[in-house]
> 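Once you've had a glance at the structure underneath, I'll fire off some questions.
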2 protein chains.
Amino acid sequence: MVSSKDVAKLAGCSQATVSRVLNNPESVRPDTRTKVLNAMKALNYQPNLAARSLVARSTRTIALVSGTLKNNFFAQSTDQIVTYAAGRGYKTMVYFENEGSLEEMMTAVQGYKVDGIIVSCVKLDDPHFTQLEQLGIPYMLFNRRHRSACNYVAMDNEAAGGLLTRHLLDMGHRDIAYLSGPPDISTFYERWAGFEKAMAEARLSVRQELVHFNASDALEAQKLAWKLMQLASPPTAIICVNDEMAIACLDALLSMGLSVPSQVALAGFDDIGLASHQAIQLTSVGQHKFRMGEMAAEHLIAMIEAGPSDRTRPQDEPRIQIKFKPELFVRRSTSYKI
Amino acid sequence: MVSSKDVAKLAGCSQATVSRVLNNPESVRPDTRTKVLNAMKALNYQPNLAARSLVARSTRTIALVSGTLKNNFFAQSTDQIVTYAAGRGYKTMVYFENEGSLEEMMTAVQGYKVDGIIVSCVKLDDPHFTQLEQLGIPYMLFNRRHRSACNYVAMDNEAAGGLLTRHLLDMGHRDIAYLSGPPDISTFYERWAGFEKAMAEARLSVRQELVHFNASDALEAQKLAWKLMQLASPPTAIICVNDEMAIACLDALLSMGLSVPSQVALAGFDDIGLASHQAIQLTSVGQHKFRMGEMAAEHLIAMIEAGPSDRTRPQDEPRIQIKFKPELFVRRSTSYKI
DNA sequence: CTGAAAGCGCTTACAG
DNA sequence: CTGAAAGCGCTTACAG
């Protein structure tokens, strides 16, 4: 690998000068500068970024720890974040949940000396979160939040759950199934809380056999949909805790020969792009105009560029907490009144 | 940031010993080892990866330069690659096409001293490809290939184009529209070649007003679908050069009140997961059982672990070229015989 | 088994 | 404007 020393030798100057034309070109005389530039080109020189970040204070890199790309919601937000950050001159190191534990990611992230971190897959009581706060570098939680005071941008999920549930109640549904991932994740916990509250307010009791908290992916959701519809008294509507699962359920329901919405209504959360597709037409609650990923990146970069704060006790730092209002998009999948 | 020196001080040993418990734990006496381990924990020490990679020969990191996540095909393959690599103990640095030019990526990748590179978005005559070959580190092209001799894994796209076209011809179609991205990309070029050939073999001429090479994303495809169907003599079938575009077209066609397949047939390439969804049922040619992303990662890691070759002239290196046979999945979107 | 020392490739005061 | 030198945090022969 060609180093700045090689360039210096060819250009007939010192290694320091080579470094200067890279970092502060005006400070070197034009003719030496061109000599160095030519030598670089001739040798196809690329500065070693590891060496640079070892000495520099900023890596101009942020880390994104994202939920799995199998969920289109995370594919969309990853795209948003990476694109936005690139526009601001930051490189994004992307990690995905399935690669290993949050802990491993944190280790890596810490080792790479990134300028900031965005995390979309913390658990509500995640023990590694403390570690994140103690790193002392800017971070933003995104989509999911931690129980303790923290920086985050997320939807008002409880409101979203209520909104969706009341819509189904309005359409005459009483036997509503609810498929969710584990409630140790804020998104799932809060959406469920909204559902429960809306049911209670309508003085309806929740049929426990219609509720499942172990549907963590599309396949599980499909199996459960199948089971639900085999019940002696099947639900008339199914809420899935995200659109990815809801769309998978739709597939299962149609495969069973059921018609949506006349035999079962179906609804999800997030309002991913596909939900509004003419062939899908899934009722969902979310915010497509509000670019959550971008917003997270924007605030993170603002924190980075504001520099370290003067507070001696970091726990006194004010938090950035952005909770945005959900919007209900009623589509064909719930358009049948019973 | 706490360094190994700090740990050494607390543990009462030299920095070298701290390094040893990290890299070669058996070589240090158990009691000193625990002392060091405790000190690390107490200080929440994480080795600086930049420093490590500066001196180590392997970073256990590969780079992936992927097409945009807006196309689900790339989301799927990124997921495959990252997961597979993690299973083999490699970290993946992911770059997306939209972040900047291939050149910038290459620079970054080079600077980070990754052990290998997977690229899914080279152009057929990409000038930066030479740079990639000259890096002298293992690489794999994936999905798209370069015109010159190179390592790649890709579908036999010309065969795929032929397969799909003949199917439509069998169904009685003569006025087939073809929506594609620019032919400076191997995938597009070859699929088109397969189409043209199949048409020629059937002694049919291609109606030029039905062919577009400027549909590079879903939105463009939708606009073109709209235009096509306004023609005095609209096509009876539309081929989109990938499923992402085809599914977007489906949306547009349904929005126009057209029925698929009875008024227009529709087909795509890649056979992404959604294509087989009951609500979509898109005919497509691809290979879902063959995990192309995984395969690329597997071969790349094999090359990395085989170590540098002894050949003096790298251009004499044998290439790994995997071209897999496409399979046609006939679904509802083309099931109407005219 | 462990320490002192060299070196990975850079940046950045410090002199001149 | 430019060079010599220190140092970023690590790993790894080399002695002992």
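Quantities reported herein were computed from a predicted structural model and do not represent experimental measurements. The sequence lines fix the lettering, A, B, ..., with proteins before strands; numbering per chain opens at 1.
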> Can you name the residues that form a salt bridge (Lys or Arg N to Asp or Glu O under 4.0 Å) with B/K123, not counting sequence neighbours?
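Salt bridge (Lys or Arg N to Asp or Glu O under 4.0 Å) check on B/K123 returns B/D184.
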> Salt bridge check: are A/D115 and A/R60 linked by an N-O gap of less than 4.0 Å?
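No, this pair does not count.
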> Output all residues satisfying salt bridge (Lys or Arg N to Asp or Glu O under 4.0 Å) with B/E298, sequence neighbours left out; order by chain, then residue number.
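Testing B/E298 for salt bridge (Lys or Arg N to Asp or Glu O under 4.0 Å), a comparison that skips the adjacent residues, returns none.
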> Starting at OH of B/Y45 and ending at P of D/dG9, how long is that distance when rounded to a whole Å?
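Checked: the OH to P distance equals 10 Å.
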> Which residues pass the salt bridge (Lys or Arg N to Asp or Glu O under 4.0 Å) test with B/D6, sequence neighbours left out?
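So B/D6 forms no salt bridge (Lys or Arg N to Asp or Glu O under 4.0 Å) with any residue.
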> Please state how far atom CG in B/L54 lies from atom C1' in C/dC8, giving the value in whole angstrom units.
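So the CG-C1' distance, B/L54 to C/dC8, works out to 4 Å.
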> Please list residues of residues 8-26 of chain B whose heavy atoms come under 4.0 Å from any atom in DNA chain D, ordered by number; otherwise none.
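Only B/Q15, B/A16, B/S19, B/R20, B/N23 qualify.
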> D/dC10 P sits how many Å from B/L49 CG, rounded?
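Checked: the CG to P distance equals 10 Å.
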> Using a 3.5 Å limit on both distances, find every run of at least three consecutive Watson-Crick or G-U pairs that involves DNA chain C.
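Stem list for DNA chain C: C:1-3 with D:14-16, C:5-12 with D:5-12, C:14-16 with D:1-3.
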> Could you work out, with salt bridge (Lys or Arg N to Asp or Glu O under 4.0 Å) as the rule, every residue matching B/R33, not counting sequence neighbours?
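So B/R33 forms no salt bridge (Lys or Arg N to Asp or Glu O under 4.0 Å) with any residue.
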> Would you jot down, in residue-number order, the residues of residues 27-37 of chain B having a non-hydrogen atom under 4.0 Å from DNA chain C?
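Those residues whose heavy atoms fall under 4.0 Å from DNA chain C, taken from residues 27-37 of chain B in numerical order, are B/S27, B/V28, B/R29, B/T32.
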> Would you mind listing every salt bridge (Lys or Arg N to Asp or Glu O under 4.0 Å) that reaches into residues 11-30 of chain A, with sequence neighbours excluded?
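Every salt bridge (Lys or Arg N to Asp or Glu O under 4.0 Å) pair that includes a residue of residues 11-30 of chain A, provided the two are not neighbours, is A/R29-A/D31.
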> For A/Q321, check side chain to side chain contact (heavy atoms under 4.5 Å, CB included) against everything at least two apart and list the hits.
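A/Y152, A/R319.
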> Given atom CD of A/Q46 and atom P of C/dC10, what is their separation to the nearest angstrom?
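Atom CD in A/Q46 sits about 10 Å away from atom P in C/dC10.
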> Going by the rule ring pair (Phe, Tyr, Trp, His ring centres under 6.0 Å), which residues pair with B/Y139 if we only count those two or more places apart in sequence or in a different chain?
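Per chain and number, B/Y139 pairs via ring pair (Phe, Tyr, Trp, His ring centres under 6.0 Å) with B/F129.
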> Just how far, in rounded Å, is C1' of C/dG9 from NZ of B/K113?
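Interatomic distance, NZ of B/K113 to C1' of C/dG9: 8 Å.
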> May I have the distance from A/K5 (atom NZ) to C/dG7 (atom P), rounded to whole angstrom?
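For the pair A/K5 NZ and C/dG7 P, the rounded distance is 9 Å.
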> Which residues pass the side chain to side chain contact (heavy atoms under 4.5 Å, CB included) test with A/I137, sequence neighbours left out?
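Side chain to side chain contact (heavy atoms under 4.5 Å, CB included) check on A/I137 returns A/V114, A/I117, A/L135.
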> For a quick test of your reading: what N or O donor-acceptor pairs under 3.5 Å do the side chains of residues 42-49 of chain A make, sequence neighbours left out?
from, atom 1, to, atom 2, distance (Å)
A/N48, OD1, A/A50, N, 2.7
A/N48, OD1, A/A51, N, 3.1

> Assess, by modelled atom type and distance only, whether the side chains of A/E97 and A/T68 contain a donor and an acceptor separated by less than 3.5 Å.
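The answer is no; no qualifying pair exists.
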> Rounded to whole angstrom units, what separation is found between the CG atom of B/N48 and the C1' atom of D/dC8?
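It works out to 8 Å between those atoms.
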